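Here is the structure we will look at, set down as structure tokens.
Quick caveat, the model's predicted, so the values are computed rather than measured. A, B, ... follow the sequence lines: proteins, then strands. Residue 1 opens every chain.
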Amino acid sequence: MTRMSMFGYTLRKRAQPWLTNGALIAIVAAMLLPIALTLSISFKRQEDVLRRPPVLLPCDDAEGNFNLAACRFVTEGYERVLAPRPDPASPLGFSLTGRMFSTYVPNTLLYALASSGLVFVVAGLAGYAFSRYRFPGRRPLLVAILAITGIPVLTNLLALYQMAVDLRKAGIPGYDERFFIIAVYVGLQLPFSIWIVKSFFDTIPRELEEAAFLDGCSALSAMWQIVVPLAMPGLLAAFLLCFVSVWNEFIAGYLLINKRELRTAMFGLYDFLSQNIINYQVIAAACVLIAAPVVILFTLTRQIFFQAMTEGAIKG
Amino acid sequence: MFGIPARFTYLMATQAQAKPSALQTTFRRIRARGFFSHTLPFWLLLPALLIIAAIQFYPGFYSIWLSFQDRQGAVWNFVGLRNFERIFNSAAFRESVGHTVVFLVGYVVVTIFASLVIALLLNRTVKLSGVYITLIFIPWVIADVIAGLVFGLLVVPEYGLFSPILSNPTLFPPKGLSITSDPAPRPWIPGFPFPPAPAMYYLILASAWRALPFVTLLILAALKTVPRELIESARIDGASSFQALRLITLPLILPTLVVALFNLTLGGMNGIGLVFTLTRGGPGTATEVLSFLLYTIGFSRLEFGRAAALSVFIAIVNLLLILLTLRVSRLEERVQ
């Protein structure tokens, strides 16, 4: 190796981390740009939202120069979404009267918690059976469940809608019922969750349970006392993935629920679009408020997400 | 038993019974461990299977039944394949297949290429890669409806933050772009919507923004399995880093790339939240993809039979894609 190329080599070795980091920072910035811009819009005043040409930050003074002291950030958008009113009966001293946070978000929270709780239990049981027992029809069932994970809600929606209407006519909870929409969410999330939970159970050595059996433990108590605690990351991952998908789900909730008091937050957002044609700060604020819980949940539990997605998800 | 040593009872038992048949053994085991504990896997699976049957299988078959029916008033009539015939012969279907193909090709190519670049970069740095991947992953957690609204806000004519750039005539000759109103230019091949309207590029961009994190994670996980020594020895033998990537890394992660490709195609073909809030199929029908057409026929025009025929068509394409994915990823073999 000549002296010159040696120099080039070390130079590249030295510069490489900087270049890589620089490129990654640029990519992260580009990925977060739409979010940052939405945040900026959500804190603008109506006048600043409707300026032509638009301004990135409402921080220009009378002469049109950028001046941090002149920034006019307001929470008007958030106030219009939340519509807080003084309420002596509430422990906080006020209550949120905006429909989004008095009705839609609690509904979504209920649907998401109920369906992910059910998925947690039902997928846990099924995943355990698939992981620990060999029974006739096991392979075809597993492959069928795996195949369903790819079938999206869209192609089934029409039939689910018709089914919901028929059930309602027959006097069984169907269209416009909390019970039915939760059942739909559970059914949609189950196949993927079973797959995740099963692959987590598979990683737990059987010897642990066999030792428990020798000590006189029954199959169910071995599962409850030994396997479940060890498989907790997988079960939690199924719970969290289900929670986030149901929270973000739009089309099923939109088509299967009609009553205002049962609608979901995503419907609320869609509805906002038609109600606030020029109040962009209100739309942006609503987006921020509804995305924030899942973004925070994700950042707190990201390890579980990543592990589940690389271990349990479909991969090569 | 009194008086008889244990080994004799053992002998008596073996002599009294010849080798029991398989059925007998099964029955004996059931009697020994109890009916419930022997059929335990069935009870464990039952709730899951019932729910999946009700919410996934039954509607699937119901769609197939619906696709052969037509509603007149409150009565369903069997019409054979006429729904399929009418769907496949409609101009809207053919046009929307074209839009879907353009969308999918753009979406898959952009997402996989960008994810591959990001994953390769992340595979290099050691220190902050956890922070980077967490930040990059945030768009994945954001709902498609929200992504549609956010990207929509940015390109509102005149007021949107991207509009000064888009309407700049020097950047986009001859008179700037408008995502919300510019129609598609005259197609190169008659009947195939390429080049698409600006709205389609924007839709692809927004969809790729959401899908990119997950694909990056998949590719990154695959890259971690490529042995470092392999690359290093190739480099010592004189291969450039691009050659090492092309001849060693890419072939090794190819299965993952193919799985990502099928996953993206599936997701892209069926995603509707973004189209719903970002373009609503417009301007005109410039971004009317199959999923949106299905919604329009089924729920705006309430032609259930025809919509069911379309959904059966989409479901068949989906199933083929899934089976291909299974073949490629050899997941079936992992089903031990």
Side-chain angles (χ1 to χ4, degrees), chain A residues 20-21 23-24 27-28 31-32 34 37-38 41 50 52-54 122 125-126 128-129 133 135 139 142-143 146-148 150-152 154-156 158-160 163 184 186-187 190-191 194 219 244 248 250-251 255 266 269-270 273 280 283-284 287 291 294-295 298-299 302 309-310 314-316, chain B residues 37 40-41 44-45 47-48 51-52 54-56 59-60 62-63 66 118 121 124-125 132 134-136 138-139 141-143 145-146 149-151 153-154 158-161 163-164 217-218 221-222 255-256 259 266 270 272-273 277 291 298-299 304 307-308 311 314-315 318 322 329 331-332 335:
Chain A
T20 315
N21 276 306
L24 280 169
I27 288 163
V28 166
M31 290 296 279
L32 297 185
L37 294 179
T38 310
I41 296 171
L50 293 182
R52 279 181 290 186
V122 175
L125 294 176
Y128 183 79
Y133 292 94
F135 47 87
R139 259 183 72 101
L142 262 178
V143 174
L146 194 58
I148 305 175
I151 295 231
L154 187 75
T155 51
N156 272 346
L158 209 71
L160 279 173
M163 207 174 122
V184 168
V186 173
L190 257 185
I194 291 178
V244 172
N248 288 344
F250 167 65
I251 194 78
L255 293 175
M266 287 302 143
L269 272 182
Y270 178 68
L273 192 60
Y280 304 124
I283 300 175
C287 285
V294 280
V295 171
F298 163 73
T299 31
R302 59 187 179 278
M309 273 184 285
T310 44
I314 294 177
K315 68 167 187 180
Chain B
S37 78
L40 188 62
L44 293 176
L45 280 175
I51 296 173
I52 290 177
I55 305 295
Q56 301 262 15
Y62 198 78
S63 306
L66 269 178
I118 299 175
L121 285 171
R124 265 191 190 171
T125 24
Y132 291 133
T134 306
L135 290 175
I136 288 174
I138 288 177
V141 201
I142 287 173
V145 170
I146 296 182
L149 286 174
V150 164
F151 275 81
L153 283 184
L154 299 177
E158 303 200 30
Y159 304 123
L161 288 171
S163 66
L217 189 74
L218 277 186
T256 304
V259 169
L266 264 177
N270 301 289
I272 189 169
T277 42
S291 56
F299 294 99
F304 265 52
S311 79
I314 298 178
N318 284 337
I322 295 160
S329 63
L331 265 173
E332 269 184 278
V335 182

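Most heavy-atom pairs under 4.5 Å with chain A: of the set B:I118, B:L154, B:L153, B:I136, this distinction falls to B:L153.
Considering every non-hydrogen atom in both A:P191 and B:Q56, the closest pair reads CG-NE2, 3.8 Å. In terms of heavy atoms, B:T277 sits closest to A:Y270 at CG2-CD1, 3.8 Å. Closest approach of A:F250 to B:G273, counting heavy atoms only: CD2-CA, 4.4 Å. Closest heavy-atom contact between A:V294 and B:V141: O-CG1, 3.6 Å. The two residues A:I27 and B:L121 have their closest heavy-atom pair at CD1-CD1, 3.6 Å. Of all non-hydrogen atoms in B:I142 and A:V295, the two that sit nearest each other are CG1-CG2, 4.0 Å.
Between the CD1 atom in B:I55 and the CG atom in A:L190 there is a gap of 9.5 Å [rounded to 0.5 Å]. Between atom OG1 of residue B:T134 and atom CZ of residue A:R302 there is a gap of 4.5 Å, rounded to the nearest 0.5 Å. The distance from atom CG of A:L160 to atom OG of B:S63, rounded to the nearest 0.5 Å, is 8.0 Å.
For chain A, the nearby part of B:L149 is the side chain; its heavy atoms alone come within less than 4.5 Å. With a 4.5 angstrom heavy-atom cutoff, B:A308 touches chain A via backbone and side-chain atoms both. Looking at A:L50, both its backbone and its side chain come within 4.5 Å of chain B, counting heavy atoms on both sides. Only the side chain of B:I272 comes within less than 4.5 Å of a heavy atom in chain A; its backbone stays farther off. Proximity to chain B (any heavy atom under 4.5 Å) is restricted, for A:V244, to the side chain, taken from C-beta onward. Interface residue B:F304: backbone and side-chain heavy atoms are both found under 4.5 Å from chain A.
For the pair B:Y159 and A:P54, the minimum side-chain heavy-atom distance is 4.5 Å or more. The closest side-chain heavy-atom distance from B:L161 to A:I41 is below 4.5 Å.
For the residue pair B:Y62 and A:N156, no side-chain donor N or O sits within less than 3.5 Å of a side-chain acceptor on the partner.
In this view, B:S163 satisfies the side chain to side chain donor-acceptor pair (under 3.5 Å) rule with no residue, not counting sequence neighbours. Residues satisfying the ring pair (Phe, Tyr, Trp, His ring centres under 6.0 Å) criterion with A:Y280, sequence neighbours excluded, are absent altogether.
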Item to check | Residues B:I52, A:I194; criterion side-chain contact (heavy atoms from CB on, under 4.5 Å); working and verdict | outcome: CA-CA 11 Å; B:I52 290 177; A:I194 291 178; 4.1 Å; yes

